[in-house]
K.L.:
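One structure is given below, represented as structure tokens, and several questions about it will come after.
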Protein chains: 2
Amino acid sequence: MQAKDKVTAKTGYHHGDLRQQLVTATRQLVEEKGQDNFSVSDACRKAGVSTAAPYRHFSDRQEMLHAVALEGMAEMKTAFDAALEGKTPCSKDAIAAIGEAYVAFAVAHPGMFRMMFAHHDPDETLKTRGDACYGVLLQQVGGFIGVPADAEEGRAASFPLWTFVHGLAFLAIDRKVEFADMSVQVPQMVQLATDRLLVAKS
Amino acid sequence: MQAKDKVTAKTGYHHGDLRQQLVTATRQLVEEKGQDNFSVSDACRKAGVSTAAPYRHFSDRQEMLHAVALEGMAEMKTAFDAALEGKTPCSKDAIAAIGEAYVAFAVAHPGMFRMMFAHHDPDETLKTRGDACYGVLLQQVGGFIGVPADAEEGRAASFPLWTFVHGLAFLAIDRKVEFADMSVQVPQMVQLATDRLLVAKS
DNA sequence: TAGCTATGTAAGAGCCGCTAACAATGTTAG
DNA sequence: CTAACATTGTTAGCGGCTCTTACATAGCTA
């Protein structure tokens, strides 16, 4: 690979999979430099195409960033499912594991995580994928307290947990708290919050 | 006032208080359009000066945004002090009032609030003012559980509360949760979390 | 009032987002 | 097989942005 950091080499005039390559490039740049300092031109240089090429696949710069948010939300769902493996379903342990995975995901992909939750006006797809993530928690909590996954009672019990790990995630990635050993202290915090906040009746 | 939205009229060649006027303009624009869509040129138009003028007072665009974050952090401290008035010092009620004020501040000034917590590399002043805000909570919690305001035990008891309201604030301003009546439900949530999370021994 | 410092403007370099016109390639109907 | 069309790339360029340089104006002080 001659050019540093090219996402892939171009094979000919047509690219094959430019859209996904641009998403990947955007994602890398967002993590490296933050979404404020990301430029479409940067992504084009990484993908090895002209600066006009992205507009065949995205309506504007914002939509490129949005595509990264979508990708992130899908990956977080996968991370949640993985976190549950080996846990007793609907146990407090399983529920805490989701919270730990949430913060771990944010810390591993801070730029992408921020975009997943930035308020973009009209986006049903992102909301749907977000609901799928939240659904993993709802199901475990519902089972734990003995109500259907979509019951209002389950939502009331789940929301404080989400709120807590969401706050912890942002404090961690914005460096408002310094953990001596994040891989120890974050799970501790999450387990403490789960113990305190998770009760059948809210 | 002829030009729409001018922050103040210019009196002559020299301005008098351009720095503060630019901060105010920046703040207004950040709230209206978000920090991504804020431009130095916009702020100049609002202040009625040339686009080169800000660079006599700020090193770059980022520093203008930073000045807004500083202003916000000072105002949040004031809001905390105001929230404590009429409350029994070091009561659970007082502690919950700080949390409610935290979320209310974020909802009232979402653009500024986001900047107050965006991770900017080397900024001691912002951290100091942030510590002053956190100090209000630490003092109340310390008093509640009966330890000095700077005791490690007080920090351990306060941090989960901060984490929770921080998460609630971001979920609210990013519209990830829709409250039927925010002025009712947010205090309920905060009081619930305070009850559950605030115990003497962590 | 002369000189110094502070703070404004004008002009422009360089980058970016995005568009319009065009070119190369892939696809499909006859 | 080929002509027509759809797709997806390029080149060139407009307008706007950040920030710098050189200069102009105004307030302060000796």
Side-chain angles (χ1 to χ4, degrees), chain A residues 3 5-30 32-69 111 115 118 120-121, chain B residues 3 5-30 32-69 111 115 118 120-121:
Chain A
D5 264 343
K6 279 273 184 76
V7 173
T8 64
K10 224 176 95 172
T11 55
Y13 187 95
H14 278 158
H15 215 277
D17 190 25
L18 180 55
R19 195 196 140 92
Q20 181 54 50
Q21 285 188 32
L22 285 170
V23 172
T24 302
T26 300
R27 176 174 173 167
Q28 287 175 6
L29 289 164
V30 162
E32 284 166 21
K33 314 167 47 169
Q35 69 167 303
D36 296 359
N37 295 99
F38 157 77
S39 76
V40 176
S41 305
D42 280 341
C44 290
R45 278 185 282 273
K46 253 196 176 175
V49 295
S50 74
T51 59
Y55 298 93
R56 295 290 176 197
H57 302 276
F58 306 93
S59 65
D60 55 18
R61 186 192 111 114
Q62 185 55 48
E63 198 172 292
M64 295 176 71
L65 294 169
H66 183 66
V68 173
M115 288 196 309
H120 303 309
D121 299 329
Chain B
D5 264 345
K6 280 276 184 70
V7 172
T8 66
K10 227 176 95 173
T11 56
Y13 188 95
H14 277 159
H15 216 278
D17 190 25
L18 181 56
R19 194 195 141 93
Q20 181 55 48
Q21 286 189 31
L22 286 170
V23 172
T24 301
T26 300
R27 177 173 171 169
Q28 286 175 7
L29 289 164
V30 163
E32 285 166 21
K33 313 167 46 167
Q35 69 167 303
D36 296 358
N37 295 99
F38 156 78
S39 76
V40 177
S41 306
D42 280 341
C44 291
R45 279 186 282 273
K46 250 194 177 174
V49 294
S50 74
T51 59
Y55 298 93
R56 295 289 175 196
H57 302 276
F58 306 93
S59 67
D60 56 17
R61 187 192 112 114
Q62 185 56 47
E63 199 172 291
M64 295 177 70
L65 294 169
H66 183 67
V68 173
M115 287 196 310
H120 303 308
D121 298 330

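Predicted, not measured: the structure shown is a model, and the values here were computed from it. Residue numbering restarts at 1 for every chain, and letters A, B, ... go by the order of the sequence lines.
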K.L.:
First locate atom NE2 of His57(B), then atom CD of Gln20(B), and finally report the distance between them rounded to the nearest 0.5 Å.
P.N.:
11.5 Å
K.L.:
More 5' along DNA chain C: Ala52(A) or Thr51(B), using each one's nearest nucleotide?
P.N.:
Thr51(B)
K.L.:
So, for Met115(A) and Ala69(A), which heavy atoms are closest and what is the spacing to 0.1 Å?
P.N.:
O-CB, 3.7 Å
K.L.:
What integer distance in Å separates Tyr55(A):OH from dT10(D):C1'?
P.N.:
15 Å
K.L.:
Measure CD/Gln62(A) against P/dC18(C) and give the value in whole Å, please.
P.N.:
9 Å
K.L.:
Check the distance between dT25(C)'s C1' and Leu18(A)'s CG and give it to me in whole angstrom.
P.N.:
14 Å
K.L.:
To the nearest Å, give me how far apart CG (Asp60(A)) and P (dT19(C)) are.
P.N.:
8 Å
K.L.:
Within this structure, what is the NE2-to-C1' distance between His57(B) and dT20(D), rounded to whole angstrom?
P.N.:
16 Å
K.L.:
Counting only side-chain nitrogens and oxygens, does Arg19(B) get under 4.0 Å of the OP1 or OP2 atom of dA6(C)?
P.N.:
no
K.L.:
Rounded to whole Å, please give me the gap between CG in Leu29(B) and P in dT18(D).
P.N.:
11 Å
K.L.:
Between dC19(D), dT11(D), dT8(D), which one does the side chain of Ser50(A) approach most closely?
P.N.:
dT11(D)
K.L.:
Whole angstrom is fine here: how far is it from CG in Asp36(A) over to C1' in dT18(D)?
P.N.:
14 Å
K.L.:
Which nucleotide wins on minimum distance to the side chain of Arg61(A), given the candidates dG17(C), dT8(D), dT9(C)?
P.N.:
dG17(C)
K.L.:
For the side chain of Ser41(B), starting at C-beta, report the closest nucleotide among dT9(C), dT18(D), dT10(D).
P.N.:
dT18(D)
K.L.:
State which of dT9(C), dC19(D), dC16(C) makes the closest approach to the side chain of Ser39(A).
P.N.:
dC16(C)
K.L.:
Can you spot which of Val40(B), Leu65(B), Asp42(B) makes a side chain to side chain contact (heavy atoms under 4.5 Å, CB included) with Thr26(B)?
P.N.:
Leu65(B)
K.L.:
Separation of Asp17(B) atom CG from dA6(C) atom P, in whole Å?
P.N.:
17 Å
K.L.:
List the steps and the verdict of side-chain contact (heavy atoms from CB on, under 4.5 Å) for Phe38(B) and Glu32(B).
P.N.:
CA-CA 9 Å; Phe38(B) 156 78; Glu32(B) 285 166 21; over 6 Å; no
K.L.:
Please report the C-alpha distance between Gln28(B) and Thr24(B) in whole Å, then the side-chain angles of each, then the deciding distance to 0.1 Å, and finally whether the side chain to side chain donor-acceptor pair (under 3.5 Å) criterion is met.
P.N.:
CA-CA 6 Å; Gln28(B) 286 175 7; Thr24(B) 301; over 6 Å; no
